[in-house]
S.K.: 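Sharing a structure below in C-alpha cells format, with a few things to ask.
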Protein chains: 2
Amino acid sequence: MLNKRTRYAIKALMHIARKSAGGGLAAAATIADAEQISVKFLEAILSDLKSAGFVISKKGIGGGYQLNQQANTLMLSDLIRATNGPIALVPCVSLNYYEPCDICPDESQCGLHDVMQQVRDASLAILSTTSIQDLITREDLRVKKKSKR
Amino acid sequence: MLNKRTRYAIKALMHIARKSAGGGLAAAATIADAEQISVKFLEAILSDLKSAGFVISKKGIGGGYQLNQQANTLMLSDLIRATNGPIALVPCVSLNYYEPCDICPDESQCGLHDVMQQVRDASLAILSTTSIQDLITREDLRVKKKSKR
DNA sequence: TTAAAATCCTACTTAAAAAGTAGGGAATTG
DNA sequence: CAATTCCCTACTTTTTAAGTAGGATTTTAA
C-alpha cells in the first residue's frame, strides 16, 4: 500500500498544478488547509518534492510552490518511486531499486521471478502513463458529470 | 513490497507442495534447513498458513505439514492477502480489505480512484491466475533448461 | 511406558519505518 | 522594518516487521 506521504504528495501536486496552470504559486499553508493536511507534515513532504525536482519554491510574501515541469509529464510512477519506494513487489525485479533477493539463492532459477516481473510491468504500464494532469482531468470530468444531474 | 513472511511462506509452500505431491509430509525443521529460514520464525509462519487453511499438520514422529488443497488451486493472490495484506495500493479500491480513504473527502469524485482500480485489476489478473503449482512448474523448467547447456 | 520427534502456544525483544511535532532561522517583499 | 513564507534540525510517538526464547502438548515407535 502507498504510504500517507505519497497520497498527500499526490493531492498537493494536483493542487499546485491547478495553481501553476494559472501562473500562480501555491503556499504550503493554503494547500494544507484545502487538503486537510498538517502544515508541518506537508512542509516536510514539499521539501521532498522539491529535492526530487518536481516543484520549485519561492520565499516571502506571495511566495509558494510551483510545478517544475508540465503537469502532463509528471507521471505517477515517478512520484511513487520518489516518495514511496519501489513499484515492484520484490527487490530483485525492481528497475529503480534493484537488489538481489537475500532469501533466494539463485535468481535465474527462481520460479517467482518472472511472475513478479509481469506484475511490475502491468502496474507500470498504467502508472508510467498516468500524469498529474490526467488525474486533474479525470476529477474535472467527474465534477461536471455530477453537476449535470 | 512483499514482506519476508510472505516470501518465506511462498518458499515453504512450494517445498510442502513438492512433498505433498509424493504423499509425504514436510517437517518445519526440514523446510527451515532447506530454505535457509530460522526454525522459530518459520514455525510462526506455518502457524499462520495453517490458520489461513492452506496447510494441515500432523504432530509427532513422521509428522509435519501438508497442503490442504491441490497445489494448482492455491493462488498467489490468496497467499499474499493472508500474509501480506491488501493487493491494492490504496484501501478504497481493495476488494478484501476495503476502507474508505481517510484522506479523501469524496471517493466518487477522486481522480485517483479509477487509476488505482486499474492497477489493482492488472496485478490481480496475474496473481489470481498463478498458483503454487505454476511456480513449481516454472522452476522445474528452468532447472531442465540449465542442465541442458 | 517411555523417549524422541514433532507441532503448538505465549510472551518477549529488537529494529526499523511511518507519521507527526516543535521551534526557530533565513529569505523576500511591500 | 514587519509580515509572510519557505527552510532546517531535531525530537517524539506509534506501528509494523522480524525475530527469539522457552516450554507445553501430542504422537509414534521401540
Side-chain angles (χ1 to χ4, degrees), chain A residues 1-9 11-12 15-16 19 24-33 35-52 54-66 68 80 82-86 89-91 97 99 102-103, chain B residues 1-9 11-12 15-16 19 24-52 54-66 68 80 82-86 89-91 97 99 101-103:
Chain A
M1 301 266 280
L2 299 180
N3 58 30
K4 283 203 173 181
R5 269 184 119 79
T6 303
R7 287 187 259 166
Y8 283 144
K11 296 265 180 207
H15 188 119
I16 294 170
K19 259 291 177 57
L25 300 179
T30 311
I31 303 171
D33 188 55
E35 311 294 340
Q36 296 282 67
I37 316 175
S38 137
V39 181
K40 279 298 189 180
F41 192 29
L42 178 62
E43 278 185 355
I45 294 168
L46 288 170
S47 159
D48 288 348
L49 295 182
K50 191 183 173 184
S51 333
F54 297 135
V55 298
I56 53 177
S57 62
K58 214 181 145 193
K59 285 185 183 177
I61 296 173
Y65 293 88
Q66 194 169 11
N68 192 30
I80 290 175
T83 56
N84 205 78
L89 291 178
V90 288
Y97 293 85
E99 270 182 55
D102 47 347
I103 79 171
Chain B
M1 302 267 278
L2 299 180
N3 59 29
K4 283 204 174 180
R5 270 184 119 80
T6 304
R7 287 187 258 166
Y8 283 143
K11 296 265 180 207
H15 188 118
I16 294 170
K19 257 294 176 54
L25 300 178
T30 311
I31 303 171
D33 188 56
E35 312 294 340
Q36 295 283 65
I37 315 175
S38 136
V39 181
K40 280 297 188 180
F41 191 31
L42 179 62
E43 279 185 355
I45 294 168
L46 288 170
S47 159
D48 289 347
L49 295 181
K50 190 182 173 183
S51 331
F54 298 135
V55 298
I56 53 177
S57 62
K58 215 181 145 193
K59 286 185 182 177
I61 296 173
Y65 294 87
Q66 194 171 9
N68 191 29
I80 290 176
T83 57
N84 204 79
L89 291 178
V90 287
Y97 292 87
E99 269 183 56
C101 259
D102 45 349
I103 79 169

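Being a predicted model, the structure only gives us computed values, none of them experimental. Proteins get letters first, then strands, A, B, ... in listed order; numbering begins at 1 in each. Because only heavy atoms are used, hydrogens play no part in the values below, and waters and symmetry mates are left out as well, while side chains stay in.
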S.K.: Grab the NZ-C1' distance between K19(B) and dA6(C) for me, whole Å please.
M.R.: 13 Å
S.K.: So R7(A) and D102(B), do their side chains get closer than 4.5 Å, heavy atoms only?
M.R.: yes
S.K.: To the nearest 0.5 Å, how far apart are CD1 in I103(B) and CD in E35(A)?
M.R.: 9.0 Å
S.K.: What is the distance, rounded to the nearest whole Å, between atom CE of M1(A) and atom P of dA18(C)?
M.R.: 14 Å
S.K.: Quickly, which of V55(B), I16(B), N68(B), I56(B) forms a side-chain contact (heavy atoms from CB on, under 4.5 Å) with L49(B)? Name it, please.
M.R.: V55(B)
S.K.: Rounded to whole Å, please give me the gap between NZ in K4(A) and C1' in dA18(C).
M.R.: 10 Å
S.K.: Checking side-chain polar atoms at under 3.5 Å, does T6(A) have a donor or acceptor matched by the opposite partner on N3(A)?
M.R.: yes
S.K.: What's the CZ-C1' distance between F41(A) and dA22(C), to the nearest Å?
M.R.: 15 Å
S.K.: Measure the distance from CD1 on I103(B) to C1' on dA18(C) and round it to the nearest whole Å.
M.R.: 14 Å
S.K.: Measure CG/L42(A) against P/dG20(C) and give the value in whole Å, please.
M.R.: 12 Å
S.K.: Return the minimal non-hydrogen interatomic distance between G62(A) and L25(A), and the atom names on each side.
M.R.: O-CD1, 3.4 Å
S.K.: Under 4.5 Å between any side-chain heavy atoms of I45(B) and T83(B), yes or no?
M.R.: no
S.K.: Grab the OH-P distance between Y8(B) and dA17(D) for me, whole Å please.
M.R.: 15 Å
S.K.: To the nearest Å, how far apart are R5(B) CZ and dG19(D) P?
M.R.: 10 Å
S.K.: Assign a letter to each nucleotide of nucleotides 4-16 of chain D from its 5' end: B, base within under 4.0 Å of a protein heavy atom; S, sugar-phosphate only; -, no contact.
M.R.: BBBBB--------
